[in-house]
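Each ligand, and each atom within it, is numbered from 1 in the order the structure gives.
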Amino acid sequence: MPLYLPHFNLQNYNTLASPVCAEFFVAVKDEAELLAALKFAKEKNLPLLVLGGGSNIVLHDDFAGLVIHVQFLGKELVREDENFYYVKAAAGENWSDFVDYCLDEHFYGLENLSLIPGNVGAAPIQNIGAYSVELQDVFSELTALDVKSGLAITFTHEACQFGYRDSVFKNALLDQFIITSVTFKLTKKPNLKIHYPALQSALADENEQDITPELVSQVVCDIRRSKLPDPKQIPNVGSFFKNPVVSLEKLAELQQKYPEIVYYPVDTHQAKLAAGWLIDRAGWKGYVLEAAVHAKQALVLTNPSRLKGSAVLVLAELIKTSVTKEFGVDLEQEPRNYP
Ligand SMILES: Cc1cc2nc3c(=O)[nH]c(=O)nc-3n(C[C@H](O)[C@H](O)[C@H](O)COP(=O)(O)OP(=O)(O)OC[C@H]3O[C@@H](n4cnc5c(N)ncnc54)[C@H](O)[C@@H]3O)c2cc1C
């Protein structure tokens, strides 16, 4: 039987270090414990918050419900074919440790996603991405428990409906499934993706034959450490906003006024603007209110005084309003707010 802890302070369970309380908190290590927790919530009529590493949520106030901390562990090679290894990881595995494990085992494809905080179970929720690779590029399938029926369901790639920082679990199936494991399709031979500008320039002096997945992972970690604050030192949730996608007409209009605007091509109709550039250009980099805009990366909002997440949301609203006014572009928040 899992232990239900009442009036539980979540400060150490979210990377913004928001000191809010959950009415109940439970850690679940396997499916039987998860089913028991769901029964407990149903009997007491409690809303649920499913928690991984807490690195993509804003807890702005106390949560009158049950927080389920998914702690399922384990990883295994489930099958292989001529070109691929299929590797399954339980939802509670730390993402960054899993990437390191795969590199050690020579399972390739995750190197660009090195050092992203959080756990495996949350990675498909927003289709994590970095340095031109997204989870969907290496995804095979996942298993998830239906909150209502308690049945375990397998989701194929197609069923997950992945998009840019998006999936079916943020839309049609919001809050309906708890992911218990994810299986990845990883290559036997290195298949390097190093065209992202920062990665390309960091590797510019290397001989082509010396560029290995291990080196790419190391360079990605170095770049990340140089520009992103470590949440343990300065609480944050990484990028606070998504990069807004605009039409090429809108891009051309902005380029007239701001020739140096930073963007990434999406397709023949659209481009993605660098939200960090917009926020920086609107004058917010380094701004300090109760929360702050990180001095090295304007896309990251920090909570240095470890206040409730509402302090960060106040700053986020000011930034959104100012970016809309300056550029006519609406920013969308990436981390989810609770309650
Ligand atoms: C410094 C920093 C850098 C970051 N860099 C990146 C980056 O480069 N790219 C990127 O994409 N993200 C990045 N992030 C965001 C974050 O790391 C990812 O979104 C990560 O996948 C969140 O994992 P988590 O376990 O912490 O999720 P949590 O914050 O615990 O949860 C996120 C959401 O998923 C739900 N959830 C969690 N686990 C499950 C589960 N098992 N089943 C169902 N729902 C679940 C939660 O209810 C919540 O809605 C960064 C964050 C930080 C702090």
Side-chain angles (χ1 to χ4, degrees), residues 10 13-18 28 31 34 38 47-59 63 65-72 89-99 112-136 142-147 153 155 160 162-171 173-182 196 198 220-221 223-225 227-243 276 294 296-297 299-303 309 312 333-339:
L10 294 169
Y13 288 81
N14 73 101
T15 63
L16 263 186
S18 172
V28 293
E31 204 172 297
L34 177 54
L38 291 175
L48 293 177
L49 193 176
V50 180
L51 189 62
S55 64
N56 209 27
I57 51 171
V58 180
L59 300 172
F63 181 70
L66 173 67
V67 170
I68 299 182
H69 193 218
V70 179
Q71 295 188 354
F72 291 35
E93 288 287 337
N94 175 273
W95 174 263
S96 185
D97 292 348
F98 176 64
V99 173
N112 294 41
L113 304 177
S114 297
L115 215 63
I116 296 179
N119 294 349
V120 165
I125 302 276
Q126 75 148 354
N127 180 26
I128 57 168
Y131 303 97
S132 299
V133 172
E134 291 183 319
L135 174 121
Q136 66 167 328
L142 64 77
T143 51
L145 211 77
D146 183 340
V147 169
I153 312 275
F155 283 79
C160 291
F162 292 119
Y164 165 57
R165 300 292 181 275
D166 206 16
S167 74
V168 72
F169 303 105
K170 283 178 116 181
N171 297 290
L173 299 183
L174 182 72
D175 294 337
Q176 291 184 40
F177 284 89
I178 300 179
I179 296 172
T180 51
S181 73
V182 184
Y196 189 87
V220 165
C221 291
I223 299 173
R224 295 184 69 94
R225 287 196 183 99
K227 64 171 201 186
L228 291 172
D230 176 353
K232 288 195 189 100
Q233 259 104 55
I234 309 174
N236 74 90
V237 279
S239 304
F240 204 84
F241 301 102
K242 292 184 182 182
N243 289 324
H294 190 52
K296 287 190 196 162
Q297 169 53 275
L299 194 48
V300 176
L301 306 191
T302 64
N303 184 23
V312 181
Q333 187 178 317
E334 187 185 292
R336 184 164 165 200
N337 293 336
Y338 290 93

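The option from P117, G121, A123 that lies nearest to atom 20 (C) of ligand 1, judged by heavy atoms, is P117. Residue Q126 holds the heavy atom nearest to atom 12 (N) of ligand 1 of all those in H294, K227, Q126, Q176. When S181, S55, S239 are checked for heavy-atom proximity to atom 22 (C) of ligand 1, S55 turns out nearest. Remark: among candidates N119, L51, N14, V50, the nearest residue to atom 35 (C) of ligand 1 is V50, based on non-hydrogen atoms.
I223 CD1 to L115 CG: the interatomic distance, rounded to the nearest 0.5 Å, is 11.5 Å. To the nearest 0.5 Å, the span separating CG on L301 from OG on S239 amounts to 10.0 Å. One distance of note links CD1 of I153 with CG of L145; it measures 8.5 Å at 0.5 Å rounding. Here the CZ-CD distance, from F240 to Q297, works out to 14.0 Å after rounding to the nearest 0.5 Å.
Listed for the D230 side chain is a donor-acceptor partner under 3.5 Å among the backbone atoms of K232. Side-chain atoms of Q126 never come within 3.5 Å of backbone atoms of I128 as a donor-acceptor pair (strictly under, hydrogens ignored). Listed for the H69 side chain is no donor-acceptor partner under 3.5 Å among the backbone atoms of V28. Looking only at distances, a side-chain donor or acceptor of T15 sits under 3.5 Å from a matching main-chain atom of N236. No side-chain donor-acceptor contact under 3.5 Å links N127 to the backbone of A123. Between the side chain of N112 and the backbone N or O of Y131, at least one donor-acceptor pair lies under 3.5 Å. Of the possible donor and acceptor atoms, none in the side chain of N14 sits under 3.5 Å from a partner among the backbone N and O of G54.
Looking from atom 29 (O) of ligand 1 to the surrounding protein, the closest heavy atom is N56 N, 2.8 Å. Nearest protein heavy-atom neighbour of atom 14 (N) of ligand 1: I116 CG2, 4.2 Å. When hydrogens are left out, the protein atom nearest atom 25 (O) of ligand 1 is G53 N, 2.7 Å; that is the closest non-hydrogen contact. Atom 31 (O) of ligand 1 has I57 CG2, 4.0 Å as its closest protein atom, hydrogens excluded (heavy atom only). Closest to atom 48 (C) of ligand 1, if we only count protein heavy atoms, is Y338 OH, 3.5 Å. Protein heavy atom nearest atom 21 (O) of ligand 1, with residue, atom name and distance: I128 CG2, 3.2 Å. For atom 37 (C) of ligand 1, the closest heavy atom belonging to the protein is A122 CB, 3.6 Å. For atom 28 (P) of ligand 1, the closest heavy atom belonging to the protein is G54 N, 3.5 Å.
Contact annotation: for A130 versus ligand 1, heavy atoms closer than 4.0 Å belong to the side chain alone. When heavy-atom distances to ligand 1 are checked against a 4.0 Å cut-off, Y13 has no atom that comes that close, whether in backbone or side chain. Residue-level proximity to ligand 1 for F177 is carried by the backbone, the only part with a heavy atom below 4.0 angstrom. Contacts between V300 and ligand 1, counted as non-hydrogen atom pairs separated by less than 4.0 Å, are absent for every part of the residue.
The shell of residues lying under 4.0 angstrom from ligand 1, judged by heavy atoms, excludes K170.
Close approach of ligand 1 to V237 is summarised as follows: ligand atoms under 4.0 Å from at least one heavy atom of the residue are 51 (C), 52 (C), 53 (C). Listed by number with element, the atoms of ligand 1 under 4.0 Å from a non-hydrogen atom of R165 are 11 (O). Taking every heavy atom of G129 and a limit of under 4.0 angstrom, the matching atoms of ligand 1 come to 7 (C), 8 (O), 9 (N), 10 (C), 11 (O). For ligand 1, the atoms lying closer than 4.0 Å to a non-hydrogen atom of G118 are 23 (O), 24 (P), 25 (O), 26 (O).
For ligand 1, the polar-atom distance check finds an N/O of I179 within less than 3.5 Å of one of the ligand's N/O atoms. At under 3.5 Å, not a single nitrogen or oxygen of P229, backbone or side chain, sits near a nitrogen or oxygen of ligand 1.
By the 4.5 Å heavy-atom criterion applied to side chains, L113 and W95 are counted as neighbours.
Residues meeting the salt bridge (Lys or Arg N to Asp or Glu O under 4.0 Å) test with D175, sequence neighbours left out: R336. Checked against ring-ring contact (aromatic ring centres under 6.0 Å, His included), F241 has no partners two or more places apart in sequence or in another chain.
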